[in-house]
2 protein chains.
Amino acid sequence: MSNNRLSSVANAARVLKAFTASHPSWGVTELANHLELSKSSVHRILSTLVDSAMLEQHQNGRYGVGLAMFDLAAAAPTQRGLHEALLLPMTELRNRTGETVQVGVLDGRQVVYVERLDSPHTLRFFADMGRRNDAHCTGSGKALLAFAAPPLRDRVLKSWVLPARTAHTITSVPELKKQLALIRRRGYSENRHESEIGIVSIAAPIRDASGMTIAAMSVAGPAERIDAQHQAVTDAVIALSRVTSSRLGYTG
Amino acid sequence: MSNNRLSSVANAARVLKAFTASHPSWGVTELANHLELSKSSVHRILSTLVDSAMLEQHQNGRYGVGLAMFDLAAAAPTQRGLHEALLLPMTELRNRTGETVQVGVLDGRQVVYVERLDSPHTLRFFADMGRRNDAHCTGSGKALLAFAAPPLRDRVLKSWVLPARTAHTITSVPELKKQLALIRRRGYSENRHESEIGIVSIAAPIRDASGMTIAAMSVAGPAERIDAQHQAVTDAVIALSRVTSSRLGYTG
DNA sequence: ACAGTTGTCCCGCTATGCGGAATAGTCCTA
DNA sequence: TAGGACTATTCCGCATAGCGGGACAACTGT
C-alpha cells in the first residue's frame, strides 16, 4: 500500500461503499467474493463496524447500514458552505414553480444531489437524497459540465462512452460539446426526456466568489407541467441561481 | 482490543463519527486531542478516508465529510424494509394534514428520523434528515417508548436523568411512566412544546408482522396550525400508522 | 521578523491483522 | 428426517502493517 495509508481502513471503506440503495444488504461470503478479500477479513471488518453502529446485522445474518450513517449524512451538506446560502432561494424557486428544486455538484461523470426541496406533488422521499445520476443526461449535470473550468471539462469529456438512458439521451461527445456551447451561450441547461421519459429539468450554475462553478440549481418535473410554464421556470431558475451566487460572493 | 475486532478500523469509525451537523469540520490536531489518539495516527486515518472519498480535505487543511456519504445515506432507509410500505401512507397523511410527516426509530434514549415528507410550508431541507432527537420530549420518541417491549422500555427508563429542553419538558421518570401509560391507552402520543417552544407533534406506533413496534409515524408543526385541526390530525395519524402496520403484515 | 501552532512525514519497534482451514449453524430437498 | 450445500464464525501461526514520538515545513497572527 502506498506510503501513509492504512490498508485495513481502506478495506473497511470499500466494505462501507458496497452498501448502496440498489444493494443495501450483504452476506459475509457474498461481500468477500465481491471485494476479493478473505471471508475472515471481511467478517472482522463487518463486526468492527457493527460495534461502531456504522453497520448493523439483521436476524438472517446479513449486514446493512446502521443509524450512525444518518448522523454522518447530516454532517455532509452543512460543511459544504452552500446550505445557508441556498435556503431562501430554493424556497422561493419551489414556491414560484411548484416543482421539486435540487442542487447538485459534479463528481467525475456524475452529478450528486446534495440539497433538495420537494414539490408538494412529489411522492418521493429524501431517501433519494444524495442520489447521483449521470451528468450527460440531467439538467444539473449538463449545467455543471458547460460551466466547468475548461481543463476539468476536457478531462471529463475525454474518451467518455456516454450511456443511453432513453432514446433521447445524447450519446456522442461531439454532440454533447455542441449542446454545452449552446448552454453556455443561453445561460441555462435543459434535460428533455434524456434521463427518464416524461421528465424535464432546467438548471443553471451556482458560482462562488472566485467565479468558479461549484454547483447547479435545477427544477424538475413532468414534461407537461414544466412546459406549461416553461419561460417562467427558466427565468426563475436563472434568477435564483444568480441570487445564490451573489450570496456566495460572486460579483460577475 | 477484544477478540475479532480491528482497532484501526474502530479508530477510523470513531474519526468518521466525529463529523456531525454541529461539528462538520475538524483539523488533525484538534481531532487527535478530541479522540485522545496521536496526530500521526489520526493523519493516516484521515488521509486513507480521503482517498476513499468518505472524507474530503478543504483548502484550509481541515477535513469534512465526502460525497461517498450521500451514497451510504441513500442505502440506509432502503434496507430497513420500511421504505416501500411508507410511501403512500406518508403521502396521504401529508396531503390530509398539510404538515411535515416523519417516521422515527428508537436508538437508546433518542429517536432517529429515518423518513420524512415535508410540508409545503417548510423552509427546512432534508439535510436535517437522519436527525436525532431526545426520545422523552418528542411525539415519536414517546410513542416508541410507550409501545416498546417492556424489558426494553425498563432498560431505557432505568437511571435516566431526563434533560429539560423547554419549561414543558418532562424531567422525572415517574411522570414519564404515567404519560407513557396514558399514551398506550389512547393509542397516540403528543409533544406539546416539550422539545421546542411553539412546536406540537402527534405520533402513533408502526408494528411489524410479529406485533413488535419498530417505528413511529408523526405529524409535526406550529401549535396553532396543528391545534386548529387537532382531532383530524390525530385520527389521520392513527389511521395511517395502522395502514402502514398492515402493509408490514401486522394483523392485530 | 518571529513565535506559536498546525499538517505532514520519517523511523524503529511490536502488536495487530491476515488468510487458510476447521467448526457450528441454517436451510432446502429428497 | 437426514444429508448435502452453503453460510457465518472462530482459531492460529506468521509477518508486516500500524503505532507514536519527534522532526520539519508551512501558515497565521502580532
Side-chain angles (χ1 to χ4, degrees), chain A residues 1-19 23-66 75 79-81 209-210 249, chain B residues 1-19 23-66 75 79 81 208-210 249:
Chain A
M1 157 132 282
S2 64
N3 209 9
N4 205 28
R5 298 296 182 265
L6 302 175
S7 61
S8 44
V9 172
N11 281 334
R14 290 178 71 213
V15 163
L16 279 174
K17 290 195 292 181
F19 293 89
H23 203 144
S25 157
W26 290 88
V28 175
T29 304
E30 181 187 16
L31 188 51
N33 290 337
H34 176 76
L35 298 178
E36 293 183 354
L37 295 171
S38 71
K39 286 200 305 180
S40 39
S41 293
V42 169
H43 187 261
R44 272 192 301 270
I45 292 172
L46 288 170
S47 300
T48 307
L49 293 171
V50 167
D51 278 2
S52 309
M54 310 293 284
L55 295 177
E56 57 193 30
Q57 187 177 25
H58 305 302
Q59 278 180 339
N60 61 0
R62 295 174 70 84
Y63 292 80
V65 171
Q79 58 85 16
R80 301 198 131 257
S210 72
Chain B
M1 156 130 284
S2 65
N3 208 10
N4 205 30
R5 299 292 182 266
L6 302 174
S7 61
S8 45
V9 172
N11 281 333
R14 289 178 70 211
V15 162
L16 279 174
K17 289 196 290 182
F19 293 90
H23 203 143
S25 158
W26 290 86
V28 176
T29 305
E30 180 187 16
L31 187 52
N33 291 338
H34 176 76
L35 298 179
E36 295 184 349
L37 295 171
S38 71
K39 285 199 305 179
S40 37
S41 295
V42 169
H43 185 258
R44 272 193 302 269
I45 292 172
L46 288 170
S47 301
T48 309
L49 293 171
V50 167
D51 278 2
S52 309
M54 310 293 283
L55 295 177
E56 58 193 28
Q57 187 177 25
H58 305 302
Q59 278 179 339
N60 60 0
R62 294 173 72 82
Y63 293 80
V65 171
Q79 58 84 19
D208 68 4
S210 71

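Letters go in sequence order (proteins before strands), and every chain restarts at 1. Just so you know, these numbers use all the heavy atoms, side chains as well, and skip hydrogens, waters and symmetry mates.
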Checklist entry - Which listed nucleotide (C:dC18, C:dG19, D:dC19) is nearest to the side chain of A:Leu6? => result D:dC19

Checklist entry - For the pair made of CG in B:Leu46 and P in C:dT6, what is the distance, rounded to whole Å? => result 15 Å

Checklist entry - Do A:Arg44 and C:dG19 share a donor-acceptor pair, side chain to base, under 3.5 Å? => result yes

Checklist entry - Do the rings of A:His34 and A:Trp26 sit parallel, tilted or perpendicular, given the 30° and 60° boundaries? => result tilted

Item to check | Results of salt bridge (charged side-chain N to carboxylate O under 4.0 Å, His left out) for B:Arg14 - residues two or more places apart only | outcome: none

Checklist outcome for this item: The reported gap from OH in B:Tyr63 to CD in B:Glu56 (rounded to nearest 0.5 angstrom) is 12.0 Å

Next on the checklist: Can you tell me how far apart CG (A:Leu16) and CE (A:Met54) are? Round to the nearest 0.5 Å.
Outcome noted: 5.5 Å

Item to check | Interatomic distance where CD belongs to A:Glu36 and P belongs to C:dG20 [whole Å] | outcome: 13 Å

Item to check | Rounded interatomic separation in angstrom, taking CG from A:Leu37 and P from C:dG19 | outcome: 7 Å

Next on the checklist: Distance check needed: C:dC18 P versus A:Asn11 CG, whole Å only.
Outcome noted: 7 Å

Checklist entry - Does the pair A:Asn33 and A:Thr29 meet the rule for a side-chain contact (heavy atoms from CB on, under 4.5 Å), with working shown? => result CA-CA 6 Å; A:Asn33 290 337; A:Thr29 304; 3.9 Å; yes

Next on the checklist: Tell me if a side-chain donor or acceptor on A:Lys17 pairs with a main-chain N or O of B:Ser52 at a distance below 3.5 Å.
Outcome noted: yes

Item to check | Heavy-atom closest contact (B:Ala12 atom, B:Leu49 atom, distance) | outcome: O-CD1, 4.2 Å

Protein N or O to nucleotides 25-30 of chain D N or O, pairs below 3.5 Å:
none

Using the 3.5 Å cut-off, write out each protein N or O paired with an N or O of nucleotides 4-9 of chain D and the distance between them.
unit_1	atom_1	unit_2	atom_2	d
D:dA8	OP1	A:Val28	N	2.7
D:dA8	OP2	A:Val28	N	3.2
D:dA8	OP2	A:Thr29	N	2.5
D:dA8	OP2	A:Thr29	OG1	2.6
D:dA8	N7	A:Lys39	NZ	3.4
D:dT9	OP1	A:Gln57	NE2	3.1
D:dT9	OP2	A:His43	NE2	2.4
D:dT9	OP2	A:Tyr63	OH	2.8
D:dT9	O5'	A:His43	NE2	2.9

Checklist entry - Within the structure, does a side-chain N or O atom of A:Ser38 lie under 4.0 Å from either OP1 or OP2 of C:dG20? => result no

Checklist outcome for this item: If one requires at least 3 consecutive Watson-Crick or G-U pairs with distances under 3.5 Å, the stems of DNA chain D turn out to be C:1-30 with D:1-30

Item to check | Partner set under side-chain hydrogen bond (donor to acceptor under 3.5 Å, both in side chains) for A:His23, not counting sequence neighbours | outcome: A:Glu30

Checklist outcome for this item: On a heavy-atom basis, the closest approach of A:Ala10 and B:Thr48 is N-CG2, 3.6 Å

Using a 3.5 Å cut-off and no angle test, enumerate the donor-acceptor pairs between side-chain atoms of residues 36-47 of chain A and protein atoms at least two apart in sequence or in another chain.
unit_1	atom_1	unit_2	atom_2	d
A:Ser38	OG	A:Ser41	N	3.2
A:Ser38	OG	A:Ser41	OG	2.9
A:Ser41	OG	A:Arg44	NH2	3.4
A:Ser47	OG	A:His43	O	2.9

Checklist entry - What integer distance in Å separates A:Ile45:CD1 from C:dC18:C1'? => result 10 Å

Checklist entry - Where the side chain of A:Ser7 is concerned, which of C:dG17, D:dG20, D:dG18 is the nearest nucleotide? => result D:dG18

Item to check | For the student: nearest non-hydrogen atoms of A:Ala18 and A:Leu31, plus distance | outcome: CB-CD1, 3.7 Å

